[in-house]
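For reference, the structure discussed in these notes is given below.
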Amino acid sequence: MMKALEGVKVLDFTHVQSGPTCTQILGWFGADVIKVERPGVGDATRKQLIDKPGADSLYFTMLNHNKRSIELNSKNETGKEVLTRLIKECDVLVENFAPGALDRMGFSWERVHEINPRIIMASIKGFGPGKYEDCKVYENVAQCAGGSASTTGFLDGPPLVTGAQIGDSGTGLHLCLGIVTALFHREKSGEGQRVSVAMQDSVLNLARVKMRDQQRLDAGPLKEYSQFGEGIPFGEATPRAGNDSGGGQPGRILKCKGWETDPNAYTYFIIQAAVWEKVCDLIGEPNWKTDDGFASPSERLDKLNQIFERIEAWTMTKTKFEVMDLCNPLDIPVGPILSMKEIAEDEGLYDTGTLVKVDHPERGEYISVGCPIKLSASPVDVTRSPLLGEHTLEILKDVLHYDDSEINNIVSSGAVGEVNKS
Ligand code: COA
């Protein structure tokens with residue numbers, strides 16, 4: 001079966017997490033992703049958070065499936081010639097270097113566009129144009145600068161970053177969408193274009209509802225926030241909402257049976273207006289269906305602590321899975337707090353390809369997260385990440401069509417690493 005992006009060649013000049021997540025998805029959709037890495041060094045994550053001495057780290061392998069690796073020194077004159085040839089051959093160039101790094105190498109957008117007017121050049125930077133445009137940025141900086149951290153955590157605690165990598169992987173996803181949109185545009189126009197995504201902007205996009213709340217503050221307190229019911233005044237900015245739901249339906253994380261010893265024996269519980277009566281029956285408070293102060297959603301807003309304490313007294317008598325089994329048939333939205341261990345052991349996720357087991361020559365078998373986007377006509381086969389420079393020779397020969405003597409000259413110039421690794 002032909003893959004959706006078959007025939008698309010991607011010059012992958014990305015490193016660490018944000019860029020690699022983007023090119024990994026392009027690879028999963030069938031693009032030929034050629035990862036350019038510094039000879040002898042490679043992507044810094046190859047040797048970060050090492051768990052098996054001598055082997056590429058899980059940090060690297062889990063972000064670089066379905067790619068080929070060429071070692072190429074892009075600061076060496078011959079290396080620049082090889083890179084120029086790669087730019088001519090490829091449809092997309094993706095990079096997430098520090099601001100100005102590509103220009104310093106001699107490959108500004110203007111130069112890249114001149115070499116190949118059809119190429120799409122896609123970049124991730126920490127900030128967009130403006131006072132911070134020259135900053136180097138990592139995940140948590142973006143979470144903070146994008147408004148997420150100030151709205152995460154509890155009211156009486158400091159700002160919090162989240163475990164989901166919304167700054168890096170979130171930005172990679174945004175970039176990926178920009179690239180396929182530009183490829184679609186190129187089908188009609190024949191022209192390449194520049195795609196730029198700033199990590200701050202991506203995080204802000206994902207924290208959009210918090211900007212909604214910022215503006216709603218002008219009209220008075222945010223009644224669906226717990227702090228309203230607790231009588232705590234609102235300040236000038238969207239506050240931290242603890243585990244309150246981000247929408248109009250009140251929700252909380254509640255203890256379940258075993259919480260004293262299991263840090264994840266909790267469930268999320270939403271008291272959606274449409275199922276309020278069923279919730280009352282389930283927890284043994286049938287009078288709340290009609291009692292003054294409880295019957296309508298607006299009346300309940302200042303009693304959320306009391307209501308959730310009562311629901312928690314019920315959830316604490318059940319495991320998080322029993323809560324799910326009892327609530328689901330009643331359409332009461334609940335979600336067990338699943339640990340990474342529980343997720344790793346969920347056979348159903350392997351059946352759908354959301355989790356995959358991958359074999360690696362240095363590591364042996366490991367678990368990875370597969371492609372979360374399922375295309376019926378373009379199923380994903382996850383293949384292991386490349387070793388550093390594993391495909392240097394293959395790419396010089398088959399993609400760039402250098403002959404043997406030219407390859408010898410390239411090797412002796414020091415532009416590429418060893419070429420006998422394939
Ligand atoms: N051959 C020769 N030199 C290479 C090379 C290659 N194949 N690949 C990279 N380099 C060089 C770069 O040209 C740069 O050199 P310069 O500083 O002399 O111009 C150098 O390696 C370092 O690149 P840089 O991007 O500055 O890496 P860093 O480790 O110092 O910074 C980041 C890392 C992530 C902070 C930075 O790249 C960044 O801010 N990126 C944009 C935002 C981003 O994506 N952040 C999230 C990452 S998950």
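Remember, it's 1-based here, ligands and their atoms both numbered in the order they're listed.
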Going by atom types only, do [X] and [Y] share a side-chain donor-acceptor pair under 3.5 Å?
{"X": "T152", "Y": "R240", "value": "no"}
{"X": "Q24", "Y": "N66", "value": "no"}
{"X": "K357", "Y": "S368", "value": "no"}
{"X": "S123", "Y": "E95", "value": "yes"}
{"X": "E224", "Y": "S245", "value": "no"}

Considering both backbone and side-chain atoms of [X], is one of its nitrogen or oxygen atoms within less than 3.5 Å of a nitrogen or oxygen in ligand 1?
{"X": "V137", "result": "yes"}
{"X": "Q17", "result": "no"}
{"X": "D168", "result": "no"}
{"X": "L72", "result": "yes"}
{"X": "A98", "result": "yes"}

(message) With side chain to side chain donor-acceptor pair (under 3.5 Å) as the criterion, how do E71 and T392 come out once you've worked through the C-alpha distance, each side chain's angles and the decisive distance to 0.1 Å?
(response) CA-CA 6 Å; E71 283 177 289; T392 301; 4.5 Å; no
What residue and heavy atom of the protein are closest to [atom], and at what distance?
{"atom": "atom 28 (P) of ligand 1", "result": "K136 NZ, 3.6 Å"}
{"atom": "atom 40 (N) of ligand 1", "result": "N96 O, 2.9 Å"}
{"atom": "atom 12 (C) of ligand 1", "result": "M105 CE, 3.9 Å"}
{"atom": "atom 16 (P) of ligand 1", "result": "K75 NZ, 3.4 Å"}
{"atom": "atom 6 (C) of ligand 1", "result": "S74 OG, 3.3 Å"}
{"atom": "atom 9 (C) of ligand 1", "result": "F97 CE2, 3.3 Å"}
{"atom": "atom 33 (C) of ligand 1", "result": "Y138 OH, 3.4 Å"}
{"atom": "atom 20 (C) of ligand 1", "result": "R38 NH2, 4.2 Å"}

(request) Kindly indicate, with the supporting measurements, whether the criterion side chain to side chain donor-acceptor pair (under 3.5 Å) is fulfilled by Y402 and N409. (result) CA-CA 10 Å; Y402 285 113; N409 289 339; over 6 Å; no
(request) Would you check, one step at a time, whether the test side chain to side chain contact (heavy atoms under 4.5 Å, CB included) holds for L396 with E406? (result) CA-CA 9 Å; L396 291 175; E406 288 171 314; over 6 Å; no
(request) Answer side chain, backbone, both or neither: which part of R104 comes under 4.0 Å from ligand 1, heavy atoms only. (result)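 The part of R104 near ligand 1 is the side chain, not the backbone.
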(message) For T171, which part has a heavy atom under 4.0 Å from ligand 1: side chain, backbone, both, or neither?
(response)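 Contact part for T171 vs ligand 1: neither.
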(message) Taking atom CD as the centre, does E236 end up with more than 12 heavy-atom neighbours from other residues, nucleotides or ligands that are less than 6.0 angstrom away?
(response)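 Atom CD in E236 is not crowded, with 12 or fewer foreign heavy atoms closer than 6.0 Å.
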[X] heavy atoms, cut-off 4.0 Å: which ligand 1 atoms fall inside?
{"X": "H15", "answer": "25 (O), 27 (O), 33 (C), 37 (O)"}
{"X": "I124", "answer": "41 (C), 44 (O)"}
{"X": "V16", "answer": "47 (C), 48 (S)"}
{"X": "E37", "answer": "7 (N)"}
{"X": "N73", "answer": "1 (N), 2 (C)"}

Sub-4.0 Å heavy-atom contact, [X] with ligand 1:
{"X": "E139", "value": "no"}
{"X": "E71", "value": "no"}
{"X": "S18", "value": "yes"}

(message) Does D43 form a salt bridge (Lys or Arg N to Asp or Glu O under 4.0 Å) with R46? I'd like the steps, not just the answer.
(response) CA-CA 6 Å; D43 189 323; R46 281 188 186 269; over 6 Å; no
(request) May I ask you to establish whether R252 and Y266 are in a cation-pi arrangement, using a distance under 6.0 Å from NZ or CZ to the six-membered ring centre and at most 45° from the ring axis? (result)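 That pair does not qualify as a cation-pi contact.
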(message) Given the ring of F29, does K3 sit roughly above its face, with NZ or CZ under 6.0 Å from the centre of the six-membered ring and within 45° of the axis?
(response)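 The answer is no; the distance or angle limit is not met.
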(request) Classify the angle between the aromatic ring planes of Y366 and H65 as parallel (below 30°), tilted (30 to 60°) or perpendicular (above 60°). (result)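 Parallel, since the angle between the ring planes stays under 30°.
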(request) Output the distance between atom CD1 (I124) and atom CG (N96), rounded to the nearest 0.5 Å. (result)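 Those atoms lie 5.5 Å apart.
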